[in-house]
Undergrad: 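Please find one structure pasted underneath; my questions will follow.
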Amino acid sequence: MKKYNPQQIEKKWQEYWKTNKTFAASDSSDKPKKFVLMEFPYPSGDGLHMGHVRGYTAGDVVSRYYRMQGQEVMYPIGWDAFGLPAENYAIKHGKDPKDTTTTNIANIKKQFQSIGYSFDWDREINTTDPEYYKWTQWLFLKFYEAGLAYEATGLINWCPKDKTGLSNEEVINGACERCGTKVEKKELRQWYLKITEYADKLLEGLKHLPEWPEAVKLQQENWIGKKEGSEIEFYLDFKKNPAGNDRRGPDGEKAKLTVFTTRPDTIFGATFLVLAPEHLWVTLATDADHDVLENKEEVKAYVDAAKAKDEMDRTDATKEKTGVELKGVKAINPATNEEIPIWVADYVLGGYGTGAIMAVPGHDERDHEFAEKFNLSIIELTEFADGNKFGTPKTTYRLRDWVFSRQRYWGEPIPLVHCEKDGVVAVPEDQLPVVLPEVKDYEPTGTGESPLAVVDEWVNTTCPKCGGAAKRETNTMPQWAGSSWYYLRYADPHNAQAFADQEKLKHWLPVDLYFGGMEHTTLHLLYSRFWNIFLHDQGLVPVSEPYTKRIPHGIILAADGSKMSKSKGNVVNPDSIVKEFGADVLRMYELFLGPHEASVSWSDKGIIGVARFLDRVWFWVSNAKATDEDSDEVLRALHTTIKKVTEDLENYKFNTVVSSLMSLHNEIKDQSCSKASMLVFAQMLYPIAPHIAEEIAELLGSEGSLQFSTWPTADESLLGAETMKVVVQVNGKVKDTLVLPLGTSEEEIKTQAMQSERVQATLTGKEPQRVIYVEGKLLNIVI
RNA sequence: GCUCGGGUGGCGGAACUGGUAUACGCACAGGACUUAAAAUCCUGGGCCCGUAAGGGAUUGAGGGUUCAAUUCCCUCCCCGAGCACCA
């Protein structure tokens, strides 16, 4: 008898799977397709962490399971290798990001293979491969041609550490999503994708995703933040303007202000207006060309101070309100015809609604607080206006357009050129990809320009339209570009003529199961839905929603419940676990830790339980005194477990799959068990611990890979017992348990229950008032 | 503040549609094997009282519905996630 030697067994089967291409997914199979996906990793220098292992293991388990259920499963993998982390890593080590990326990929690939994932390696993709990013650029041009990619100068989020612009989604609590640095505002020329134009479609699509977790849908919904309301115009009245009440504003035309409100019915209570410090009217009224305000300098000072504050301070609801009245101008409440003052205050945000509100201090807490502080009149309404009669219905969104350019080196060049004569011109398809040039210095410049701007021979080009001199766009795309469509490429990863063949897309899409982290809900998951819906509108992708089912996983924490991090030195490396216990133990233990969606703490102690279990299973099979027949208990336990494990796998309850297998083994290991039943045990073990399962099957004399065996079905006729266990309670407390032949009558059960010593002891002669009998389960005597 | 999750032994966690709470695993205790230790195997309790048999309590706290509540309803507390001066 050989001792269980995971290192040896695992290597053997990994070689076997590789040689036999066991997990290659066929594009032309008759079997029903299943597209299983886990978010692809970016190849960081630290390699895989436990969180990765959790997600990829879950995907691997269901992939192996569905293959045994007769489905054609595609479980692909690739590398999301552009972006800041890869670039920062390269800079830190003084190397070319291309080289470090290659090295890191090789390392992680080795890790993946050592854990035995059933990826279809023939479909491996890499976002930094020009053959891949050619199509990322091509798809970007589709947005450009549709008018959904535009260039604009504006205040954007700027990370001073990474020295690049960030999208709104990348700012978490006022800090950079990557490095945690406090984000600043900076005025910069940027490329944007008009995701706001797809706000309604993104919302509508959520309604057709019944298999997504509510929490994820809700988060996206909140992020989009759709609100119905009205825009109402307020005419202005100037005191200082020599033109008197000619209703001309500082811009010469707009002698009115438009506010956004969700409560037009409270307009009779609107006693003042408030403008955001960024409001265009305020900017104009305080500039050198205009002289309508009596306190221009005071207002200007307030506005400048507000702009200097960072986002966090601005939007802190607990701080005291500040503001300045715009003296010399009044607004007319269109409902009451009364003159009301206009204030500028930073509790009104420039980027939401119209940047101006009508303040109704009688019916809004914030307006109330403001009115109290500055002694403005407050009207408590008893009657409300007909909300339909005011203003124009208007919908606003919290969602902002997606800042799509980065001032960094390691990304896809944006395939556009700037021509003096023709302006912005798209690079024609036959000139794609625009290859990222070699540079001497990858360091971000911090000036708002990418390091590409200094590569003259690359920047200077000819205009595809007029043939004259032109300059290339030097900004690169954000990390999210390549990952916004990678799942499409898996359907046809080597296509040189198109991003993917339409027939293959029709065959594989949508992704049936998408595993990934909760942290991508309003980043990657929202972005890729946007791309997919747009591409569907363009007739380029057959389905509107890319992911049928989303399965998020919780984080793996350190033993003390804190996050694993290098700085704390509490990171557990998957490699060391594989080395010490084997891949099967690592896989099984990660699943056993707790429910897939919950955050769980890693425990070095607990892993021994799983290691012992596989050891015992090995001992059991290799010492096999397999009998010709199974005992009834073995058959019953086996089929009960088949039923339970199948149900649990269908519901991604991996932790209870593991415990069910442990229970089953405990029950049958000392009983008469046939080889056939042992093989069924190995089959059930296979998705979770495939190496040992394959080896056991071989030991039992089966040939080939278990992957091609058929998943066992529970025989319902074997599930029932010949006896039933009836719990006897008195007043709801358990007193006894009766084991009776099936079909014992209620009367007989009652009689027997009343004879029980412990029941008698509790009754102490009292007569039962009521007896409740639950068929075959329980008898409750009430006294 | 709002929205969504969650709170079960010393620890991770399990529990169908309301029907034996604590499966499975870790840790712990006792035993077997061993010169010994480790590993392994067997057994056990889990909070309180009791030598024991046994009894009682118990699913964040309090109340309710029910023959019966971890499960349903109400009030509150705590933890996690998301949103937030969003008009």
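Side chains included, hydrogens not; waters and symmetry mates left out as well; all remaining heavy atoms used. In the text below, chain A, chain B and the rest are named by the order of the sequence lines, each starting its count at 1. The model shown is predicted, which means the values in this text are computed figures rather than measured ones.
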Undergrad: Mark yes or no for whether A/S603, through its side chain, and A/G606, through its backbone, hold a donor-acceptor pair below 3.5 Å.
TA: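 Yes, the answer is positive, given that a donor and an acceptor are paired below the 3.5 Å cut-off.
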Undergrad: Do side-chain atoms of A/D346 reach the backbone of A/A306 as a donor and acceptor pair under 3.5 angstrom?
TA: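 No, A/D346 side chain to A/A306 backbone: no donor-acceptor pair under 3.5 Å.
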Undergrad: Side chain of A/L349 only, please: which of B/rC86, B/rA27, B/rC83 is the nearest?
TA: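 Shortest atom-to-atom distance from the side chain points to B/rC86.
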Undergrad: For A/Y347, does the six-membered ring have the charged nitrogen or CZ of A/K321 within the cation-pi criterion, i.e. under 6.0 angstrom from the centroid and within 45° of the normal?
TA: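 Verdict for A/Y347: a cation-pi partner in A/K321.
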Undergrad: Distance check, rounded to the nearest 0.5 Å: A/E775 atom CD versus A/E746 atom CD?
TA: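 If I round to the nearest 0.5 Å, the distance is 8.0 Å.
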Undergrad: Go ahead and name the base partner of B/rC4; Watson-Crick or wobble counts if both distances stay under 3.5 Å, otherwise write none.
TA: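 Here B/rC4 is engaged in a pair, and the nucleotide opposite it is B/rG80.
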Undergrad: Using a heavy-atom cut-off of under 4.0 Å over every strand shown, decide if A/N780 touches base, sugar-phosphate, or nothing.
TA: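 Base, at least one base atom sits under 4.0 Å.
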Undergrad: Just the rounded figure in Å: distance from C1' of B/rC24 to CD1 of A/I607.
TA: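 Atom CD1 in A/I607 sits about 16 Å away from atom C1' in B/rC24.
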Undergrad: For the side chain of A/K735, starting at C-beta, report the closest nucleotide among B/rG56, B/rU20, B/rA27.
TA: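 Selected nucleotide: B/rG56.
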Undergrad: Would you measure the distance from the C1' atom in B/rA21 across to the matching atom in B/rA14 and give it in whole Å?
TA: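 B/rA21 and B/rA14 have their C1' atoms separated by 10 Å.
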Undergrad: With respect to the side chain of A/K321, which nucleotide from B/rC85, B/rU40, B/rC67 is positioned closest?
TA: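 Closest nucleotide among those given: B/rC85.
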Undergrad: Could you measure the distance from the CD1 atom of A/I195 to the CG atom of A/L202? Nearest 0.5 Å is fine.
TA: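 So the CD1 of A/I195 and the CG of A/L202 are separated by 5.5 Å.
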Undergrad: Describe the nucleic acid contact of A/V774 in one word from base, sugar-phosphate, nothing, applying a heavy-atom distance below 4.0 Å.
TA: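 Touches a base.
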Undergrad: Looking only at side-chain atoms of A/D346, point me to the closest of B/rC85, B/rC24, B/rC26.
TA: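 The answer is B/rC85.
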Undergrad: Only pairs with both distances under 3.5 Å count, Watson-Crick or wobble alike; so what is the partner of B/rA14 in this structure?
TA: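 Answer to the pairing question: none, since B/rA14 forms no Watson-Crick or G-U pair.
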Undergrad: Looking only at atom C1', what distance separates B/rG13 and B/rC24, rounded to whole Å?
TA: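 One C1' to the other, the span is 8 Å.
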Undergrad: Does B/rA57 have OP1 or OP2 under 4.0 Å away from a side-chain N or O of A/K733?
TA: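 Answer yes for this pair, as a side-chain N or O of A/K733 is under 4.0 Å from OP1 or OP2.
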Undergrad: By the 4.0 Å heavy-atom rule, please label A/V771 as base, sugar-phosphate, or nothing.
TA: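 Contact class for A/V771: none.
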Undergrad: Using a 90° cut-off around 0 for syn, call B/rG45 syn or anti.
TA: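 In terms of base orientation relative to the sugar, B/rG45 is anti.
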Undergrad: C1' atom, B/rG64 versus B/rG18: distance in rounded Å?
TA: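 About 15 Å, rounded to a whole number of Å.
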Undergrad: Say you pick atom C1' in B/rC47 and the same atom in B/rG10; how far apart are they, in whole Å?
TA: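 Here B/rC47 and B/rG10 have their C1' atoms 12 Å from each other.
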Undergrad: Would you indicate what A/N666 reaches in the nucleic acid, counting non-hydrogen atoms under 4.0 angstrom: base, sugar-phosphate, or nothing?
TA: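 Counting heavy atoms under 4.0 Å across all strands, the contact made by A/N666 is with sugar-phosphate only.
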Undergrad: Under 4.0 Å: is that the gap between some side-chain N or O of A/R616 and OP1 or OP2 of B/rU40?
TA: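 For B/rU40, neither OP1 nor OP2 has a side-chain N or O of A/R616 closer than 4.0 Å.
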Undergrad: Consider the side chain of A/R770, meaning its heavy atoms from C-beta on, and name the nucleotide among B/rA23, B/rC85, B/rC67 that approaches it most closely.
TA: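 Of the candidates, B/rC67 comes closest.
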Undergrad: Which base sits across from B/rG19 as a Watson-Crick or G-U pair, both distances under 3.5 Å?
TA: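 Pairing partner, where one exists within any strand: B/rC67.
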Undergrad: Determine the Euclidean distance between corresponding C1' atoms of B/rA68 and B/rC42; express it in Å to zero decimal places.
TA: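 That atom pair is separated by 38 Å.
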Undergrad: Look up atom CD in A/E231 and atom OG1 in A/T392, then write down how far apart they are to the nearest 0.5 Å.
TA: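 Here the interatomic distance stands at 6.5 Å.
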Undergrad: Counting side-chain heavy atoms from C-beta on, which of B/rG82, B/rC24, B/rC83 comes nearest to A/Q219?
TA: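 Ranking B/rG82, B/rC24, B/rC83 by closest atom to the A/Q219 side chain puts B/rG82 first.
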Undergrad: May I ask you to check whether A/F272 and A/F370 place their ring centres under 6.0 Å from each other?
TA: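 They qualify: ring centres under 6.0 Å apart.
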Undergrad: Could you give the distance separating B/rA57 and B/rA69 at their P atoms, to the nearest angstrom?
TA: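 12 Å, rounded to whole Å.
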Undergrad: Does the protein touch nucleotides 1-16 of chain B at the base, only the backbone, or not at all? Give it as B, S and - per nucleotide, heavy atoms under 4.0 Å.
TA: --SS-------BSSS-
Undergrad: Whole-Å distance between B/rG56 P and A/N731 CG?
TA: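 Result: 11 Å.
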Undergrad: Just compare B/rU20, B/rC85, B/rA27 and give me whichever is closest to any side-chain atom of A/K725.
TA: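 Ranking B/rU20, B/rC85, B/rA27 by closest atom to the A/K725 side chain puts B/rU20 first.
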Undergrad: With heavy atoms under 4.0 Å as the rule, sort A/I781 into base, sugar-phosphate or nothing.
TA: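 Counting heavy atoms under 4.0 Å across all strands, no contact is made by A/I781.
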Undergrad: Heavy atoms only, 4.0 Å cut-off, all strands: where does A/Q729 land among base, sugar-phosphate and nothing?
TA: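 Base, at least one base atom sits under 4.0 Å.
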Undergrad: Could you work out which one of B/rU20, B/rG19, B/rC85 sits closest to the side chain of A/I772?
TA: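 Looking only at heavy atoms from C-beta outward on A/I772, the closest nucleotide is B/rG19.
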Undergrad: Does the A/H596 side chain pair with the main chain of A/L591, one donor and one acceptor, at a distance under 3.5 Å?
TA: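 Side chain of A/H596 to backbone of A/L591: no pair is present.
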Undergrad: Check every atom of B/rC86, B/rC26, B/rC85 against the side chain of A/Y352 and return the nucleotide holding the closest atom.
TA: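 The answer is B/rC86, which lies nearest to the side chain.
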Undergrad: Atom CG of A/L661 and atom C1' of B/rC24: how far apart are they, to the nearest Å?
TA: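 Roughly 11 Å, once rounded to whole Å.
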Undergrad: B/rC26 P sits how many Å from A/F613 CZ, rounded?
TA: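 It works out to 12 Å between those atoms.
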Undergrad: Hey, does A/T737 reach any base, or is it just sugar-phosphate, or nothing, if we go heavy atoms under 4.0 Å?
TA: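 It contacts nothing in the nucleic acid.
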Undergrad: Judged by atom type as modelled, is there a donor-acceptor pair below 3.5 Å linking the side chain of A/Y547 to the main-chain atoms of A/R529?
TA: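 No; zero donor-acceptor contacts below 3.5 Å.
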Undergrad: For A/K669, answer base if it contacts any base atom (sugar-phosphate contacts may also be present), sugar-phosphate if it contacts only those atoms, and nothing otherwise; contact means non-hydrogen atoms under 4.0 Å.
TA: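 Touches sugar-phosphate only.
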Undergrad: Could you check which nucleotide pairs with B/rA29 in any of the strands shown, counting Watson-Crick or G-U wobble with both distances under 3.5 Å?
TA: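 Here B/rA29 is engaged in a pair, and the nucleotide opposite it is B/rU43.
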Undergrad: Ignoring hydrogens and angles, state whether a donor on the side chain of A/N780 or A/Y773 is under 3.5 Å from an acceptor on the partner side chain.
TA: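 The criterion, which ignores hydrogens and geometry beyond distance, is not satisfied for A/Y773 and A/N780.
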